[in-house]
Amino acid sequence: MPELPEAEVVRRGLDAVVRGRTLVAVEVGRDRAVRREPSMAAFVDALAGRTVAGTGRIGKFLVVRLADGDGRDVVVVHLGMSGQLRVAESAAEPRRPHTHVVWALDDGREVRFVDPRTFGQMWRDRTREPGGRPVTLGHLGPDALDDLTDASVLASRLANRRVRLKLRLMDQTAVAGLGNIYTDEICFRAGVSGGRPAGALADAEVERLVEVTRVVLTDAIVAGGSSLADAQYVDLFGRTGEYQRQHAVHARAGLACPVCGTEIVRERFGGRFGYSCSVCQT
DNA sequence: AAGCACACCTGCTAGC
DNA sequence: TGCTAGCAGGTGTGCT
């Protein structure tokens, strides 16, 4: 489900719920939800009794930092396409279908990982230094919100690439956090076609991309993220996002471009569909 | 070695 | 009404 804005909205909610809390019990109902573990028992035993120091995010990955160790233990969570973290006020609250992992907290609440398509996953990890990046996330490029501090950061990720811009922006090793929705919106607002070779952009176009990336992601977070028609994405408390109301092109094939009125077109990029305005984007 | 296709899953919708 | 095909915010792998 989520791209960077949705992951960040979930992280903020999660932080408020788990920071300083102790995980009194951990339950795994479906092994596939927990990866990179010798056994589910190893995961459950390692987490039970641990206290949460705080949370972080790199791209679309959530990082739950554990206290009461050497400060380098974390749990990484990725929501995949359909994953949700949901708060239950007590263990008595009925579990939704596809609840795969439950963290019971010392205040009686539960954090539940719900994921119909099972592309989401979580695993224990380590950082090199306290507060650092988990070692399994070393392949990720700069975070699209926190690390694009200068146009040169993005320029170096695009330079000399022949792959199409939209696909390069969705490549998490190039820039971390952007997916199908936000690359559509960012390319539209930057006025560039996602079909152009990534390395063929002018300096001014890269600068515009960096600028609108900051604006789009920030606005989307403020709006609580994007919830599409199937309402797959909700926050910890079940609230849908509202940023889809501000989408200019994504999933709007056949409708009028909000700027020039031209019909928005849908085209295939690899295995998925992108949306754009052929007049506003060149 | 960069770029692409495909696999991994379940659920919903459009079309017949 | 019921069936099927196709599509859905993701990442990782393995082929060319």
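In what follows, chains are A, B, ... by sequence order, proteins preceding strands, each numbered from 1.
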Quiz prompt | Secondary structure string for DNA chain C (Watson-Crick or G-U under 3.5 angstrom, | for other-strand pairs) | solution = .|||||||.|||||||

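- A distance of 11.5 Å separates CD of Glu207(A) from CG of Leu201(A), quoted to the nearest 0.5 Å.
- The heavy-atom pair separating Tyr275(A) from Arg252(A) by the smallest distance is CD2-N, 3.8 Å.
- Gln172(A) comes within 4.0 angstrom of sugar-phosphate atoms only, judged by non-hydrogen atoms across all strands, and of no base.
- The other members of the hydrophobic cluster of Phe269(A), by chain and number, are Val163(A), Leu167(A), Met170(A) (side-chain heavy atoms under 4.5 Å, ILVMFWY only).
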Listing time: all N or O pairs from protein to nucleotides 14-16 of chain C that are below 3.5 Å?
none

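- Applying the ring-ring contact (aromatic ring centres under 6.0 Å, His included) rule to pairs touching residues 33-67 of chain A yields Phe61(A)-His78(A), sequence neighbours excluded.
- Following rounding to the nearest Å, His78(A) (NE2) and dG12(C) (C1') show an atom-to-atom distance of 11 Å.
- Residue-level contact check: Arg268(A) touches the backbone only, with heavy atoms under 4.0 Å from sugar-phosphate atoms and none from bases.
- Nearest nucleotide to the side chain of Arg32(A), out of dG9(C), dC9(B), dA8(C): dC9(B).
- In this structure, Glu6(A) contributes its side chain and Ser226(A) its backbone to a donor-acceptor pair below 3.5 Å.
- For Lys60(A) and dT11(C), the shortest distance from a side-chain N or O to OP1 or OP2 is below 4.0 Å.
- Among the heavy atoms of the strands, none lies under 4.0 Å from His247(A).
- Rounding to the nearest 0.5 Å places CD1 of Ile58(A) at 12.0 Å from CD of Gln172(A).
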Report, one pair per line, the protein and nucleotides 10-13 of chain B atoms (nitrogen or oxygen only) whose separation is under 3.5 Å.
unit_1: dT10(B); atom_1: O4'; unit_2: Pro116(A); atom_2: O; d: 3.3
unit_1: dG11(B); atom_1: OP1; unit_2: His98(A); atom_2: NE2; d: 2.6

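- Taking only side-chain atoms of Phe119(A), from C-beta outward, the nucleotide of dT11(C), dC7(C), dC9(B) with the closest atom is dC9(B).
- For the pair Gln232(A) and dA8(C), the criterion of a side-chain N or O lying under 4.0 Å from OP1 or OP2 is not met.
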Please list, pair by pair, any protein nitrogen or oxygen found under 3.5 Å from a nitrogen or oxygen in nucleotides 3-5 of chain B.
unit_1: dG3(B); atom_1: OP1; unit_2: Arg162(A); atom_2: N; d: 2.8
unit_1: dG3(B); atom_1: OP1; unit_2: Val163(A); atom_2: N; d: 3.0
unit_1: dG3(B); atom_1: OP2; unit_2: Arg161(A); atom_2: NH1; d: 3.3

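- For the atom pair CZ (Arg196(A)) and NZ (Lys166(A)), the distance works out to 15.5 Å, reported to the nearest 0.5 Å.
- No donor-acceptor contact under 3.5 angstrom links the side chains of Thr51(A) and Asp68(A), judged on distance only.
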